[in-house]
Amino acid sequence: MSRFRTRVIAVVRRIPAGQVATYGDVAELAGAPGAARAVGSVMRTCAARGVPCHRVVAAGGQLGGYGGSEAMKRALLQAEGVVLAGSRIREFAVRRWQPGRRTSAGRR
DNA sequence: TAATTGACTTCGC
DNA sequence: GGCGAAGCCAATT
């Protein structure tokens with residue numbers, strides 16, 4: 001169990017429902033900018049339970065992947081209130097979660 | 001310990 | 001806009 005892994009988990013757990021974060025973003029918040037692939041690897045190993053890994057998406061608003069069940073990830077995101085346009089997140093720039101960003105108010 | 005793979009990202013054609 | 005190649009980091013074998 002590397003510290004990086006725990007770091008990624010902590011960051012992902014901080015992502016509020018209805019919002020998403022990119023792998024690169026999570027990597028940076030985890031303290032490893034550029035480690036987007038590493039973040040994917042951590043997620044792929046299930047990281048830990050209670051971690052909404054489905055809120056972590058690829059850059060450009062793409063879904064990325066979810067153990068091969070991309071459709072499931074899509075359903076989960078929509079269930080959280082994320083509007084999807086095909087296989088992409090609508091208003092991704094707004095839906096993207098950022099630390100310091102006010103999310104409880106729901107305002108963008 | 002070293003090599004390979006992978007839920008990524010970005011530039012180029 | 002879609003396909004291809006290079007770069008980066010960590011986990012797994």
Side-chain angles (χ1 to χ4, degrees):
Chain A
M1 191 65 148
S2 303
R3 195 155 70 83
F4 172 75
R5 201 164 173 179
T6 310
R7 207 73 155 146
V8 173
I9 294 167
V11 174
V12 177
R13 286 182 71 176
R14 281 164 62 185
I15 303 175
Q19 298 214 217
V20 296
T22 66
Y23 291 98
D25 203 33
V26 174
E28 188 177 5
L29 293 172
R37 298 191 72 158
V39 174
S41 299
V42 175
M43 291 303 167
R44 193 231 216 185
T45 57
C46 282
R49 50 193 192 78
V51 182
C53 30
H54 60 269
R55 284 180 201 157
V56 183
V57 298
Q62 294 178 216
L63 294 179
Y66 196 74
S69 300
E70 174 181 321
M72 184 165 73
K73 184 172 184 174
R74 214 162 76 196
L76 289 167
L77 288 171
Q78 286 187 98
E80 303 230 326
V82 178
V83 184
L84 299 177
S87 297
R88 287 246 251 293
I89 298 172
R90 194 179 286 263
E91 312 231 352
F92 175 65
V94 182
R95 290 284 160 175
R96 187 165 63 154
W97 172 73
Q98 295 172 60
R101 176 70 120 183
R102 215 169 162 351
T103 54
S104 303
R107 73 175 63 186
R108 32 195 181 137

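First the proteins, then the strands, lettered A, B, ... as listed; each starts at 1.
Between atom CZ of residue A:Arg95 and atom CG of residue A:Leu84 there is a gap of 9.0 Å, rounded to the nearest 0.5 Å. Taking OH of A:Tyr66 as the reference point, atom CZ of A:Arg44 lies at 14.5 Å (rounded to 0.5 Å). The OG1 atom of A:Thr45 lies 8.5 Å from the CE atom of A:Met43; values are rounded to the nearest 0.5 Å.
Using a 4.5 Å heavy-atom cutoff, the side chains of A:Val82 and A:Val20 are in contact.
A:Ala36 is linked by a side chain to side chain contact (heavy atoms under 4.5 Å, CB included) to A:Tyr23, counting only residues two or more places apart in sequence or in another chain.
Within residues 58-66 of chain A, the residues that have a heavy atom under 4.0 Å from DNA chain B are, in order of number, A:Ala58, A:Ala59, A:Gly65, A:Tyr66.
Within 4.0 Å (heavy atoms only), A:Phe4 reaches sugar-phosphate atoms of the nucleic acid but no base atom. Across all strands shown, A:Ala38 has heavy atoms under 4.0 Å from base atoms, whether or not it also approaches the sugar-phosphate. When heavy atoms are screened at a 4.0 angstrom cut-off, A:Ser41 is found touching base atoms of the nucleic acid.
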Original post:
Please, what dot-bracket string fits DNA chain C when only Watson-Crick and G-U pairs with both distances under 3.5 Å count, crossing ones use [ ] and pairs to another strand use |?
Top reply: .||||||.|||||
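Looking only at distances, a side-chain donor or acceptor of A:Thr22 sits under 3.5 Å from a matching main-chain atom of A:Asp25.
As rounded to whole Å, 16 Å separates atom C1' of C:dC9 from atom CG of A:Leu29. Put simply, CZ on A:Arg37 is 13 Å from P on C:dA6, counting in whole angstrom units. C:dA10 atom P lies 13 Å from atom CZ of A:Arg5, rounded to whole Å. As a whole-Å value, the separation of A:Arg7 CZ from C:dC9 C1' is 16 Å.
In this structure, A:Val8 and A:Ala30 approach most closely via the heavy-atom pair CG2-CB, 3.7 Å. Counting all heavy atoms, side chain and backbone alike, A:Arg13 lies closest to A:Gly50 at CG-O, 4.2 Å.
With a cutoff of under 4.0 Å to any heavy atom of chain A, the contacted region of DNA chain B is bounded 5' to 3' by B:dG6 to B:dT10.
Transitive grouping of hydrophobic side chains (ILVMFWY, heavy atoms separated by less than 4.5 Å) brings A:Val51 and A:Phe4 into a common cluster.
Identified under the salt bridge (charged side-chain N to carboxylate O under 4.0 Å, His left out) test for residues 67-89 of chain A, with sequence neighbours left out: A:Arg55-A:Glu80.
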Sequence neighbours left out, cut at 3.5 Å: what donor-acceptor pairs do the side chains of residues 56-65 of chain A make with other protein atoms?
none

